[in-house]
Peer 1: 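One structure, pasted below without further comment.
All chains are named by letter (A, B, ...) in the order of the sequence lines, taking the proteins before the strands, and each is independently numbered beginning at 1. Quick caveat, the model's predicted, so the values are computed rather than measured.
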Amino acid sequence: MAATFDADGVDATLRSVLSDVLGLDRARVNGFGADTELFGSLPEFDSMAVAGVLTELEERLAIFIEDDEVDGELFESYGNLLTFAKAKALA
Amino acid sequence: MNAGEIAYRNYRWRGADEWLAEIGSGPPVLIVAPLFEELNRCRALIAGVMRGLAGAGFKAVLPDLPGTGESLRELGDVAWEDWTGAIGMLTFDLTARSQMPYLASFRGGCLLEEQAQAAGRWRFAPAAGAALTRDLIRARQAVLPGRPRAEELEAAARAQASEFAGYLIPPAIFAPLRDAQLPEADVVRTVRLDSDPAAADLKLAGKPLWRQSEPGNDPALAAALAFDIAAGVRACAA
């Protein structure tokens with residue numbers, strides 16, 4: 001499995017995952033900024049959806065997300081999640 | 001073209017009747033569906049694939065695995081070998097009734113092929129068992145207080161029946177699933193979504209319906225999948 005990304009590619013992939021897994025309109029997700037609140041603010045982003053987002057991200061970015069890398073802050077904002085995804089995918 | 005209606009009949013497994021759905025007439029295609037909640041999320045897609053195959057002149061057969069769907073068995077009384085064995089038995093049964101079937105497996109269903117005899121094998125978005133159990137464990141972590149560690153939940157699931165996303169899965173299924181790899185086969189055609197970076201013979205546009213919280217549908221994807229399966233069956237017959 002080979003997946004190579006640059007920073008923009010990770011951003012685009014993350015938006016695609018959120019749109020696909022949460023069932024959110026793509027245009028709406030494209031409007032997410034670093035401060036856009038996710039878990040707790042979006043009704044679609046509940047704890048079951050978290051599982052789906054994590055697994056889909058792993059698959060598309062060819063990364064492995066450990067238990068202890070997932071804390072409450074990770075899903076607070078789009079910026080937090082993007083920073084995490086970039087760190088994992090571009091390492 | 002009128003492909004007819006979906007008909008239901010029994011198949012026999014270990015002394016009890018199980019259920020399957022079939023539609024169409026012609027060379028048989030045995031469909032092995034995704035497992036657990038992924039099946040619910042893909043149900044409309046699979047139905048669309050079956051109708052597409054029936055319309056193209058094939059007989060699509062979709063079994064309920066023992067312990068699932070309309071089965072009278074409890075999931076807790078079933079083992080992984082019941083699933084691989086039932087699929088294998090059905091391929092021999094279809095061979096005896098008409099001809100050796102083409103096998104079309106989806107997601108975790110791809111892991112159940114090992115005892116099957118098939119004219120050809122086709123897999124959609126196959127996943128290793130470890131990836132599926134990781135997803136199940138994450139779903140369980142999401143609903144348990146205190147967010148227990150994945151390793152603890154996995155060890156517990158190997159020892160006693162545990163509930164994952166509404167399914168009480170026994171160790172006799174969880175443990176082999178966790179360790180299951182895609183069976184080796186001489187000729188396999190693999191199809192994936194274009195968002196999936198893993199290798200495939202064909203990539204199609206579409207969303208991962210099996211990941212979405214609400215069951216959805218994608219008629220264009222169903223049609224494309226049916227088309228590709230049909231092409232595969234014809235190529236095997238040639």
Peer 1: Spell out the residues in residues 17-32 of chain A that have some non-hydrogen atom less than 4.5 Å away from a non-hydrogen atom of chain B, in order of number; otherwise answer 'none'.
Peer 2: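 A:Ser19, A:Asp20, A:Val21 fall under the 4.5 Å cut-off.
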Peer 1: Let me check something: any side-chain donor-acceptor pairs from residues 29-38 of chain B under 3.5 Å, sequence neighbours excluded? List them with distances.
Peer 2:
unit_1: B:Glu37; atom_1: OE1; unit_2: B:Asn40; atom_2: ND2; d: 3.4
unit_1: B:Glu37; atom_1: OE1; unit_2: B:Tyr167; atom_2: OH; d: 3.4
unit_1: B:Glu38; atom_1: OE1; unit_2: B:Arg107; atom_2: NE; d: 2.9
unit_1: B:Glu38; atom_1: OE2; unit_2: B:Arg107; atom_2: NH2; d: 3.1

Peer 1: Pick from B:Arg149, B:Arg211, B:Lys207: which one has the most heavy-atom pairs with chain A under 4.5 Å?
Peer 2: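 Ranked by heavy-atom pairs under 4.5 Å with chain A, first place is B:Arg211.
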Peer 1: Could you tell me whether A:Asp35 atom CG has more than 12 heavy atoms of other residues or ligands within 6.0 Å of it?
Peer 2: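 No, the 6.0 Å shell around CG holds no more than 12 heavy atoms from other groups.
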Peer 1: Going from CD on A:Glu58 to CG on B:Asp135, what distance comes out if it is rounded to the nearest 0.5 angstrom?
Peer 2: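 Atom-to-atom, A:Glu58:CD and B:Asp135:CG are 9.0 Å apart.
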Peer 1: Around B:Glu151, counting heavy atoms of other residues, nucleotides and ligands shown, do more than 12 lie under 6.0 Å from its CD?
Peer 2: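 Buried by this count: over 12 neighbours within 6.0 Å.
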Peer 1: Would you indicate whether B:Glu163, at its atom CD, is surrounded by more than 12 heavy atoms from other residues, nucleotides or ligands within a distance under 6.0 Å?
Peer 2: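 For B:Glu163, atom CD is crowded (more than 12 foreign heavy atoms under 6.0 Å).
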Peer 1: Heavy-atom count check: over 12 atoms from other residues, nucleotides or ligands less than 6.0 Å from B:Glu74 CD?
Peer 2: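 Check fails, neighbour count at 12 or below.
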Peer 1: For A:Glu37, does the CD atom have more than 12 heavy-atom neighbours from other residues, nucleotides or ligands under 6.0 Å away?
Peer 2: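 Atom CD in A:Glu37 is not crowded, with 12 or fewer foreign heavy atoms closer than 6.0 Å.
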Peer 1: List the atom pairs, with distances to 0.1 Å, where a side-chain N or O of residues 221-232 of chain B and a protein N or O form a donor-acceptor pair under 3.5 Å, not counting sequence neighbours.
Peer 2:
unit_1: B:Asp228; atom_1: OD1; unit_2: B:Arg189; atom_2: NE; d: 3.3
unit_1: B:Asp228; atom_1: OD1; unit_2: B:Arg189; atom_2: NH2; d: 2.9
unit_1: B:Asp228; atom_1: OD2; unit_2: B:Trp122; atom_2: NE1; d: 2.9
unit_1: B:Asp228; atom_1: OD2; unit_2: B:Arg189; atom_2: NE; d: 2.8

Peer 1: Name all residues meeting the side chain to side chain contact (heavy atoms under 4.5 Å, CB included) criterion together with B:Gln141; count only those two or more places apart in sequence or in a different chain, and write none if there are none.
Peer 2: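 For B:Gln141, the residues satisfying side chain to side chain contact (heavy atoms under 4.5 Å, CB included) (neighbours in sequence not counted) are A:Asp67, B:Ile137, B:Arg138, B:Arg147, B:Ala150, B:Leu153.
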Peer 1: Heavy-atom pairs under 4.5 Å with chain A are the metric here; pick the option from B:Ala142, B:Gly216, B:Ser213, B:Ala127 that has the most.
Peer 2: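 Option with the greatest count: B:Ala142.
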Peer 1: In terms of heavy-atom proximity below 4.5 Å to chain B, should A:Thr55 be classed as side chain, backbone, both, or neither?
Peer 2: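 Contact with chain B is through both the backbone and side chain of A:Thr55.
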Peer 1: Which heavy-atom pair separates A:Glu56 from B:Pro208 by the least distance, and what is that distance?
Peer 2: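 Smallest interatomic distance, heavy atoms only, reads OE2-CG, 3.6 Å.
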